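Since the structure comes first, as structure tokens, the remarks are kept for the end.
Computed from a predicted structure; not experimentally measured. Lettering of chains follows the sequences in order, A, B, ..., and the numbering in each one begins at 1.
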Amino acid sequence: NAGVTQTPKFRVLKTGQSMTLLCAQDMNHEYMYWYRQDPGMGLRLIHYSVGEGTTAKGEVPDGYNVSRLKKQNFLLGLESAAPSQTSVYFCASSSWGAGSSYEQYFGPGTRLTVT
Amino acid sequence: EDKVVQSPLSLVVHEGDTVTLNCSYEVTNFRSLLWYKQEKKAPTFLFMLTSSGIEKKSGRLSSILDKKELSSILNITATQTGDSAIYLCAVAQRTGNQFYFGTGTSLTVIP
């Protein structure tokens, strides 16, 4: 049981390049989230998904797109990276509904630098 | 605007001290408040507090939810160097599916 995994762990991009971050969970959770964490800003929600095939915008969605084609995977895309997207990105998943603990399980993070 | 505010932003204490971390929130349709510990990587879950479970304790850590004051405290007694971390507070909504995080309190415990 690996929990929540993220790939890659580190990445350096040039301005304007694109990339996709992959999040996978093996806990059969319905809900998945992408956050970014910047110094002094805490965790800010980018996008989230309440189930396969559904996504929704969070607090800071601009410049990012997401897809949830399979229940266990949640992809975060940057179409044209900007230096302002330099951050540490965390994926999380949680169960929901009666009997759930509602806590979020986090992946190890991806450190992205855009030059 | 929904928000979660933590204080203090940072704290330095000596081993053996007791610390109290604060979290206040203004979040519509409150469902639960969660505390996480973050040590240079992913946050790890500590406690979840709800209307039906306003006090939790685990070893030296304890937390209380005050729904009237819209706040929570996290107490750590007899602190150890291993308690050094960022402590995050998050609030989940009953409707909608978002979690709102505070900026965290950075705790440093020196020997």
Side-chain angles (χ1 to χ4, degrees), chain A residues 2-7 9-10 23 25 27 29-51 54-61 66 68 74 87-111, chain B residues 1-10 21-53 56 58 63 65 85-107:
Chain A
V4 181
T5 58
Q6 292 181 231
T7 52
K9 289 186 171 53
F10 304 93
C23 176
Q25 53 95 4
M27 296 173 282
H29 285 164
E30 288 293 332
Y31 291 72
M32 296 186 75
Y33 309 81
W34 275 108
Y35 293 91
R36 60 177 289 173
Q37 187 173 37
D38 303 294
M41 302 289 287
L43 284 161
R44 292 185 292 169
L45 183 64
I46 304 171
H47 286 280
Y48 63 98
S49 168
V50 302
T54 69
T55 63
K57 294 180 181 180
E59 184 183 355
V60 288
V66 288
R68 183 102 180 266
F74 195 29
S87 188
V88 179
Y89 292 85
F90 287 103
C91 175
S93 70
S94 69
S95 57
W96 210 270
S100 298
S101 66
Y102 296 107
E103 69 176 276
Q104 289 185 315
Y105 294 83
F106 284 85
T110 295
R111 185 173 294 276
Chain B
E1 180 185 347
D2 297 306
K3 64 179 179 180
V4 176
V5 178
Q6 292 185 244
S7 64
L9 289 180
S10 64
L21 311 182
N22 301 286
C23 175
S24 63
Y25 61 92
E26 292 179 27
V27 177
T28 53
N29 296 311
F30 172 91
R31 179 175 57 74
S32 61
L33 185 145
L34 302 92
W35 284 97
Y36 290 85
K37 179 181 182 182
Q38 187 176 22
E39 297 173 271
K40 293 186 178 181
K41 43 187 178 181
T44 53
F45 174 77
L46 293 174
F47 297 119
M48 184 175 74
L49 303 159
T50 65
S51 299
S52 57
K56 293 286 177 71
S58 176
S63 183
L65 175 67
I86 295 173
Y87 290 83
L88 296 167
C89 172
V91 173
Q93 291 182 302
R94 187 173 300 281
T95 57
N97 305 289
Q98 297 195 38
F99 288 75
Y100 293 90
F101 280 82
T103 55
T105 293
S106 176
L107 174 65

Non-hydrogen atoms of B:A42 and A:P108 that approach each other most closely: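 Looks like CB-CA, 4.1 Å.
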Considering all heavy atoms, the nearest B:K41-A:F90 contact: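 Closest approach of B:K41 to A:F90, heavy atoms only: O-CZ, 3.6 Å.
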Working to the nearest 0.5 angstrom, can you tell me the gap between [X] [atom1] and [Y] [atom2]?
X      : Y      : atom1 : atom2 : result
A:Q104 : B:Y36  : CD    : OH    : 4.5 Å
B:F101 : A:R44  : CZ    : CZ    : 13.5 Å
B:F45  : A:F106 : CZ    : CZ    : 11.0 Å

Residue part contacting chain A, namely of B:Q6, when any heavy atom lies under 4.5 Å: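 Neither; nothing under 4.5 Å.
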Residues A:Y35, B:F99; criterion ring-ring contact (aromatic ring centres under 6.0 Å, His included); working and verdict: CA-CA 10 Å; A:Y35 293 91; B:F99 288 75; 7.6 Å; no
Top contributor to chain A contacts, counting heavy-atom pairs under 4.5 Å, from B:A90, B:G104, B:S106, B:P43: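 Winner by heavy-atom pair count: B:P43.
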Contact class of A:K9 relative to chain B, heavy atoms under 4.5 angstrom: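 Neither part.
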Proximal component of A:Q37, with respect to chain B [non-hydrogen, under 4.5 Å]: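 Only the side chain of A:Q37 comes within 4.5 Å of chain B.
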